[in-house]
Amino acid sequence: MTDAGFRTGIGFDFHRLVENRILILGGIRIPYEKGLSGHSDADVLVHAICDALLGACGLGDIGIHFPDSDPAYRGISSLELLKKTCALLDANGFRIVNVDAVVLAEAPKIMPFRREISTRILQAMQAARPQAFNLKATTTEGCGMIGRGEGIGAMATALIERRPPDRGRAS
Ligand code: MG
C-alpha cells in the first residue's frame, strides 16, 4: 500500500439471540438468558471492530479472512480473530490510532461491563493507551428487531495510521 497517513474504516454486524447459547460480547461472558448464534462465538462487537480495522486497511472484511465455511473458526474466540486482524494491519505497515464502537441491544445492559470489555479489546489490539478504544451502548427504544430482543447489533469505526519504522504497532 503506497498511501501515507491516516485511514478510516467502519464496521457493522448483527447476530440473532437464541436459546442455549452463552452470550459473549467484547470477549467476555455476560450473564443473560440467551446468547448470540453464529459459527464462531458470535461476538458481534468484536466482529464489527475487525471489519472497521480491515476496512481502514483496505483489506475487505472479516468474511474474506475468516470464512464461516472454514471449520478452523468454529467456536473460536473472536478475540483471536481480532488479534489476527491486528497482525494483518501490522504486516501492512499500519497501527491503530483509535477504535470507537457502539453496541445496540435492548437487553442485557452492557455498560456495567464496559471496563472489563475495554480491557480485553485493548489487550487484543496490543494498545497501550486506554483512549485507543471507546465503548458505548444504546437501545432502540423497543423498536425493530433489536428492540424486540431478536438480536444484538454493533457498529465500530477505526482510525489507523502508517506505522513509523522504529515504533510498535499500537498507539
Ligand atoms: Mg458476525
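Both counts, for ligands and for their atoms, begin at 1 and track the order of listing. Each residue takes its place number in the sequence, starting with 1. Note that these values count all heavy atoms, side chains included, but never hydrogens, waters or copies made by symmetry.
The two residues C50 and L82 come nearest to each other via the heavy atoms SG-CA, 3.6 Å. When all heavy atoms are compared, the tightest approach of L135 to V103 is CD1-CG2, 4.1 Å.
Shortest distance from the Mg ion (ligand 1) to H47 is reached at ND1 (N/O/S atoms only). Atom OD2 is the N, O or S atom of D13 at the shortest distance from the Mg ion (ligand 1).
Hydrophobic clustering, with ILVMFWY side chains joined whenever heavy atoms are under 4.5 angstrom apart, groups L79 together with L36.
A donor-acceptor contact closer than 3.5 angstrom is absent between the side chains of H39 and D68.
For D43, every N, O or S atom stays at 2.8 Å or more from the Mg ion (ligand 1).
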